[in-house]
Amino acid sequence: MGNLFNNYEEACAIILFGIGFTTLLLHRNMIKKIIGFSMMDSAIYLFLAAKGYIAGRKAPIVVSVSVTALMLALTVRLYRRYHTLDIDEITMQARREEA
Amino acid sequence: MQLWQNLPFAMILLPLASASLTSILKGKAARRAALTVITLVTLMAAALVIFMQGYGQSYTFMMGHFPAPWGNEIRAGMLEAVTALCFALVMLFSVMGGLRDIEHDILPDRQNLYFVMCELTTAALMAQVFTNDVFTGYVFLEIMTIAACALISARTKGRTLVAATRYMIMNLVGSGLFLLGLTLLYDLTGHLLMSNIQEKIIALSATGKYQQPLTMVIALVTIGLGIKSALFPFHTWVPDAYSSSTPTSSAILSSLISKGYIFLLIKFYYRVFGLREVVNAQVEDVLLVFGAAGAVIGSVLAIRQLDIRRMIAYSSVAQIGYIYMAIGLGTQSGMTAALFQLMAHAICKSLLFIATGGLCAASGEKRGFTSLRGAAYRNPVAGAAFVVGAFSMIGIPFLSGFVVKLAYAEAAVLWGGPRMITVLAVLAISTMLNAIYFGRTVVTLFRLSEEKIAQQQKWHSGPCFAVACAALSLLTFALGLAADPVLAAIRSGLEMFS
Amino acid sequence: MAKQRNDYENSWFPRLQRWIAQGGTRLSDQMTEELSEASDAHRVLSAEDVARREVEQAVHQLEIQEHEAALYERAHQWGRTKGAKLIRAFYAVLAVLMCVSVIAVLLTTVSNLPSFGGENNPINNEVSQRYIEKGLQETGAVNIVAGMILDYRAFDTLGESHVLFIAACAVMILLRLSDSGDPRQLSRERMEAEANDRLYEPKNDIILQRVAGILVPIIMLFGVYVLFNGHLGPGGGFSGGAVIGAGLILYLNAYGFAATERFFTIKTFRAVSFIALAFYALAKSYSFFCGANHLNSGIGLGTPGDIFSSGLILYLNIAVGMVVACTMYAFYTLFRKGDM
Amino acid sequence: MELLNIMLLVFILVCAVSVSLTKDLLTSLIIFMSQSLAMAVIWILLESPDLAITEAAVGAGVTSLLMFVTLKKIHAIKEDPKDGETKE
């Protein structure tokens, strides 16, 4: 446990990753899940940059934006179709139509 | 640097460049452009296999002016060439087989975007097969995830959107963990090239430093890629994703995209960590247990299904469990069996999905077993293709499934002890379960009273469909009868793989 | 010659055969009544017999449907009431437990990692040494990062710009109001999208227009500056493109779609992204091809420090900037109006 | 400089926890926006200005903007934002 304190950047990135992951799991609302996702992604980029990644990668931030945009597009279409943001409710309605 | 060694570079860049071209073409022209590009890639893959036999050992191709640890690099060997050929063939026949459904289901002005997705999936697959750089693997893994989500949601019906959302949620968690593993790997070794990383890891394990983070890296990479390739406990998104969208998307998703991730995992085990490192990190036993559980439970769930495409989706969960079980053996022969199953299953599963597309089209787009009764008479080509696919999945001799099960048994017997018993038991149980649900489906397709057979109106699925079904069935027979050259190629490929 | 026993019929073997003959194997419930139906198929069925059987089967199907609907209702009710809370509470506890354990494991991993900024970290090895020292001579770019992204590891960046392109295509598949559907249904959808637009958005808000009038030129200037000086100072394709995209979105918000449609429609989006990506792929495959086969690619590096130095990096930056700007703008307009 | 780094990291963690605790979508979105702005400042402290510009323009700008448009499309924001109560 020695250098957990001088590695405090990475420790904080991991805690942020955990919080994002918990938000993703606990909330049933689609928008909250997407916010949880982008928090997990920015935590990983913080971890990446804290490692002194010489390339100063700016590309992954673009990947996370495009993924967020795709998820938001799916949410808009789902809302138009099922009129709710609750993912469990949506799956229940989809399954009932299927039966 | 002979000219033919530029083939892998061309196989990645050609679909990538033509994707932006297809996005501005209209429906018909886009279809022609996509088919010609994928055919070209298949021909290049075949040429590469022929040259590779003469060449004998793997070579690296510098992407740019700077040698290995600084610039990017791709590496081609016998195993990569054979896998690339198999992937390209399956992609070509999946797209050809599902052409009618693409025109029927997807709105006209979005069809060219659908073909853009197919081309970019081909480019990403080739890049993952040939890459020798960890971060390039992540980038093209991301391209495949978004392409797969677009392929699922191409039909924009209610159910496909739910399936696409669940697919994205699970896969993003998977690629997040994978990137976390890569970052740790970069921090421990300072390199991004697979061969350099292995030298550093051997040095690390010699000095015994950073052992706990190293095991953590192997675990993160395995879980990340396991989630993305529908390993057993993370397979909940599979039935919706594979069964709701067009037959081509299901074929591409189930046989190509999950296989690309598994091939990347095998490359990580061989070229980044080294098999010895992975074995003494006890990851192998976990994979064996999950694979075995997946194989049995996947088949049991498949029996319960009333919708034919969900049944095939569950059967592909079982087959992926098979592959992970073979990887879990951790020996050379286990890996050979896993790679052969990877190719045989890719061909067989796309054959099944394309044939089911034809059968459902013949029985009025309904997928329940009751409405599919006698569909084989309405669409004889699809019926014959389905029978070949089903028998190969069961493991009838002279078909690829039989050789797969033979290779598994051989790998298990070589290992001996409790693992042999588990693998052989799982082989027996799941073969019997496969026989039940595939047999039942084949019986349903052909079971119709005589006078009803006469009045069935024939359904013509077009020449492309027939060519695709015939080609995939021939490939299944070829793998069944002439399996030795392919197995020899895989073994020699594995020698020069690490 | 063995004499057949007189009670042979009821000994176990023929009884087994008879049992099998009656189709003893257990098939799923749908199959069983079909099998029994097949066995009497040999007798010629009269027409009304067949009709009666069909009606009977239809009724049977209806029963199954109702039974399942009732099942869902009950499951749904149970889901709403006490059961749901139980499951959700259990699920929440399990989720939190799993996350805490994942974080704990990762934190122990982090504690064993090389310390932040230590000199003998494995990262400061010969790879980063060469990037820093020889970066300027080899790529001609003063800003090592831009040189690195577009020359040393150009293949990753090629992949990443295609990630953006594919995300734009995917959002287009999902959200675009296609102009080829049936006109009546389409016009209702377009009307709804348009109406929704005006309802919440005050069209010509004087304050926004005045501020945008001042800000947009500055943002665009800054974006173009960042784009063109990618290889000299901090910046480059992605940053410049993102800033220009943000500027375009601000301009759209202030002056509405009529103003932006003068210069930016779906056709310009397609043309710009095709030209930029095609140029990018061609330029990079040329340099890969020359690099791999050790040919001299003949692209001069120019004198470091002035705009037109460092070979292709400036033009690649512009191409990537165009792709990023168009995609950001496309995301916004597809979400807002479903069309450019 | 070290202190600023630590303060920003604590600010981001507090933002992350508060996002998952707030009921209202709009508030959680604004908190998320401020968090990515703080992230942009951290990139500067970690000596990667390119990432800072991209994160500011893309992370704080376009992502949050898209989420606002999604909320608007989903009528989650009522006409009079006074009550701010949204359908969960």
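Naming convention: chains lettered A, B, ... in sequence-line order (proteins, then strands); numbering from 1 in each chain. None of the values given here were measured: they were computed from a predicted structure. Computed from heavy atoms alone, side chains included, the values below leave out hydrogens, waters and symmetry copies.
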- B:Leu180 and C:Leu106: side chain to side chain contact (heavy atoms under 4.5 Å, CB included), yes or no, with the steps? CA-CA 10 Å; B:Leu180 207 56; C:Leu106 285 174; 3.9 Å; yes

- Message: Measuring only between side-chain heavy atoms, which start at C-beta, is B:Phe135 closer than 4.5 Å to C:Phe155?
- Response: no

- Item | Pairwise side-chain contact, C:Thr109 with B:Val217, heavy-atom cut-off 4.5 Å (strictly under) |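 C:Thr109 does not reach B:Val217 side chain to side chain.
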
Can you name the closest pair of heavy atoms from [X] and [Y] and give their distance?
{"X": "C:Val163", "Y": "B:Val139", "result": "CG2-O, 4.2 Å"}
{"X": "B:Ser20", "Y": "C:Ala278", "result": "OG-N, 4.3 Å"}
{"X": "B:Met117", "Y": "C:Ile166", "result": "SD-CG1, 3.6 Å"}
{"X": "C:Ala154", "Y": "B:Asn72", "result": "N-OD1, 3.6 Å"}

- Message: Taking ring pair (Phe, Tyr, Trp, His ring centres under 6.0 Å) as the definition, give me every residue that meets it alongside B:Phe130, ordered by chain and number, with sequence neighbours left out.
- Response: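 Here no residue qualifies.
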
- Query: Mind checking what makes ring pair (Phe, Tyr, Trp, His ring centres under 6.0 Å) contact with B:Phe61, not counting sequence neighbours?
  - Reply: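 B:Phe9.
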
- Derivation and outcome, side chain to side chain contact (heavy atoms under 4.5 Å, CB included), residues C:Lys284 and B:Leu13: CA-CA 9 Å; C:Lys284 269 302 132 191; B:Leu13 260 296; 5.9 Å; no

- Let me know if B:Leu220 has heavy atoms under 4.5 Å from chain C in its side chain, its backbone, both or neither. side chain

- Task: Could you go through the side chain to side chain contact (heavy atoms under 4.5 Å, CB included) check for B:Leu16 and C:Leu277 one step at a time?
- Result: CA-CA 9 Å; B:Leu16 215 58; C:Leu277 278 174; over 6 Å; no

- Message: Is there a side chain to side chain contact (heavy atoms under 4.5 Å, CB included) between B:Val116 and C:Phe165? Walk through the geometry before answering.
- Response: CA-CA 10 Å; B:Val116 167; C:Phe165 167 69; 3.9 Å; yes

- Item | chain C interface, residue from B:Ile106, B:Leu151, B:Leu21 that has the most non-hydrogen pairs under 4.5 Å |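 Sorted descending by pairs with chain C, the first entry is B:Leu21.
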
